[in-house]
Amino acid sequence: NALKENLETDIEFIKELSQHLLLARGKRLRPLLFVLSARLFGYNGDDIYSLSTIFEYIHTASLLHDDVLDNADMRRKRPSVNRLWGNSAAVLGGDFLFSSSFRIAVRYNNHQFMGLLTDTTKKMAEGQIMELMHSNDLNITTQDYISIVTLKTAVLISAACSGGSMIAGAPSRSIAKLGAFGLNMGIAFQLMDDLFDYI
Ligand code: FPP
Ligand code: MG
């Protein structure tokens with residue numbers, strides 16, 4: 001419900017575009033990790049589900065853009081947004097979700113949390129650009145590959161984990177530990193995602 005309710009626009013086409021992938025069957029791993037991390041430190045606020053959508057909106061925005069970059073026809077067993085409505089619509093739908101996520105975050109008025117989100121999305125773009133620089137590069141070093149995976153995927157999973165604890169007012173040592181947990185989990189997650197392309 002929160003994923004649907006936090007999308008505010010009077011333009012029906014934007015809803016159709018952004019909901020196509022957003023409400024398609026996904027694991028919703030990032031919002032789940034965010035909620036669990038907040039609860040781990042005793043957070044019980046009603047706004048936790050709204051806040052958790054930030055991580056699914058950013059993730060979905062990045063997938064809409066990624067499917068344009070990868071020229072992908074399918075996503076979650078359905079035709080991709082770029083295939084159905086074209087690249088321009090997919091990029092703009094991603095921009096809408098991306099902006100919506102920051103609109104929700106601003107409501108919370110937490111400078112540290114905003115900093116986490118902006119650092120994260122900047123790194124995601126860096127990772128994706130680094131991947132572009134290494135397209136078809138069979139001699140890529142393990143170190144560069146791990147950097148790409150860390151930036152493009154792991155930092156958002158890490159931010160979901162550390163962000164939940166941050167919202168709950170956890171001590172900075174705990175926030176850092178949850179961030180490290182998410183980062184390692186994110187690296188493992190992307191390693192498997194890449195392995196599936198080969199096997
Ligand atoms: C999927 O990788 C893509 C990502 C994990 C990150 C995409 C990031 C961007 C496009 C840049 C940042 C954009 C925003 C809006 C912050 P993949 O192609 O390996 O995975 P797939 O198999 O799911 O397509
Ligand atoms: Mg892709």
Side-chain angles (χ1 to χ4, degrees), residues 1-39 47-105 107 117 120-121 123-125 127-128 131-132 148-149 151-161 163-164 182 185-199:
N1 287 342
L3 285 175
K4 236 181 172 171
E5 281 162 13
N6 281 282
L7 277 187
E8 287 175 11
T9 173
D10 295 332
I11 305 170
E12 270 310 308
F13 182 50
I14 296 183
K15 273 204 182 133
E16 198 181 343
L17 266 183
S18 40
Q19 289 186 358
H20 177 79
L21 180 55
L22 186 70
L23 302 182
R25 264 179 19 167
K27 294 179 285 298
R28 292 164 185 180
L29 177 69
R30 292 152 191 84
L32 177 65
L33 287 168
F34 175 81
V35 170
L36 291 177
S37 299
R39 284 202 192 140
D47 52 355
I48 198 66
Y49 297 112
S50 275
L51 283 168
S52 78
T53 64
I54 291 170
F55 296 90
E56 195 65 13
Y57 287 177
I58 294 174
H59 174 57
T60 307
S62 80
L63 293 183
L64 288 173
H65 288 181
D66 179 68
D67 285 343
V68 172
L69 299 175
D70 291 348
N71 206 9
D73 282 343
M74 301 291 286
R75 170 69 68 185
R76 294 181 184 153
K77 302 198 169 99
R78 300 174 78 190
S80 60
V81 168
N82 46 303
R83 176 169 154 194
L84 288 174
W85 292 288
N87 284 347
S88 305
V91 169
L92 294 168
D95 291 343
F96 176 77
L97 284 174
F98 190 55
S99 314
S100 301
S101 71
F102 281 98
R103 189 163 172 265
I104 297 162
R107 266 191 241 149
L117 293 179
T120 298
T121 50
K123 283 180 185 164
M124 288 170 74
Q128 206 59 35
E131 184 176 272
L132 184 69
I148 292 172
V149 162
L151 291 166
K152 77 171 193 178
T153 303
V155 293
L156 184 60
I157 296 178
S158 172
C161 294
M185 186 186 180
I187 293 169
F189 181 93
Q190 188 63 44
L191 287 177
M192 288 307 296
D193 189 70
D194 289 345
L195 190 59
F196 288 143
D197 286 339
Y198 292 96
I199 62 172

4.5 Å side-chain heavy-atom contact, Phe34 and Ile54:
no
Can you see which heavy atom on Val35 is nearest to which on Ser52, and at what distance?
CG2-CB, 3.8 Å
In short, side-chain hydrogen bond (donor to acceptor under 3.5 Å, both in side chains) pairs touching residues 79-96 with sequence neighbours left out are His65-Asp95, Ser80-Asn82
Sequence neighbours left out, what passes side-chain hydrogen bond (donor to acceptor under 3.5 Å, both in side chains) with Glu8? Give chain and number order.
Arg103
Those residues that, when tested against Ser37, pass side chain to side chain contact (heavy atoms under 4.5 Å, CB included) (two or more places apart)
Cys161, Leu178
With sequence neighbours excluded, residues passing side-chain hydrogen bond (donor to acceptor under 3.5 Å, both in side chains) with Thr9
none
Test side-chain contact (heavy atoms from CB on, under 4.5 Å) on Arg39 and Ile48; report intermediate values, then the result.
CA-CA 9 Å; Arg39 284 202 192 140; Ile48 198 66; 5.7 Å; no
Output a table of donor-acceptor pairs, distance under 3.5 Å, between side-chain atoms of residues 12-30 and any protein atom two or more places apart or on a different chain; print 'none' if there are none.
| from | atom 1 | to | atom 2 | distance (Å) |
| --- | --- | --- | --- | --- |
| Ser18 | OG | Ile14 | O | 2.6 |
| His20 | NE2 | Pro79 | O | 2.9 |
| Arg30 | NH1 | His59 | NE2 | 3.3 |

Residues in ring pair (Phe, Tyr, Trp, His ring centres under 6.0 Å) with Phe189, at least two apart?
none
Using a 4.5 Å cut-off on heavy atoms from C-beta on, say whether the side chain of Ile157 contacts that of Leu33.
yes
Mind checking what makes ring pair (Phe, Tyr, Trp, His ring centres under 6.0 Å) contact with Tyr57, not counting sequence neighbours?
none
Identify, with sequence neighbours excluded, every residue that meets side chain to side chain contact (heavy atoms under 4.5 Å, CB included) alongside Thr120.
Leu116, Met124, Val155, Leu156, Ala159
Contacts of type side chain to side chain contact (heavy atoms under 4.5 Å, CB included), residue Phe196, not counting sequence neighbours
Met192, Ile199
Report, as yes or no, whether the 6.0 Å neighbourhood of atom CG on Asp197 holds more than 12 heavy atoms from other residues, nucleotides or ligands.
yes
Sequence neighbours left out, what passes side chain to side chain contact (heavy atoms under 4.5 Å, CB included) with Glu131? Give chain and number order.
Gln128, Ile148, Lys152
Is there side-chain contact between Leu7 and Leu97, with at least one heavy-atom pair below 4.5 Å?
yes
Give the minimum heavy-atom separation between Ala90 and Val68, together with the two atoms involved.
CB-CG2, 3.6 Å
Partner set under side-chain hydrogen bond (donor to acceptor under 3.5 Å, both in side chains) for Thr153, not counting sequence neighbours:
Gln190
Checking Ile58, Asn6, Asn1 against Thr53 for side chain to side chain contact (heavy atoms under 4.5 Å, CB included), the one that qualifies is Asn6
Can you list everything that forms a ring pair (Phe, Tyr, Trp, His ring centres under 6.0 Å) with Tyr49? Sequence neighbours excluded, please.
none
Could you give the distance from CG (Leu64) to CG (Leu69), rounded to the nearest 0.5 Å?
11.0 Å
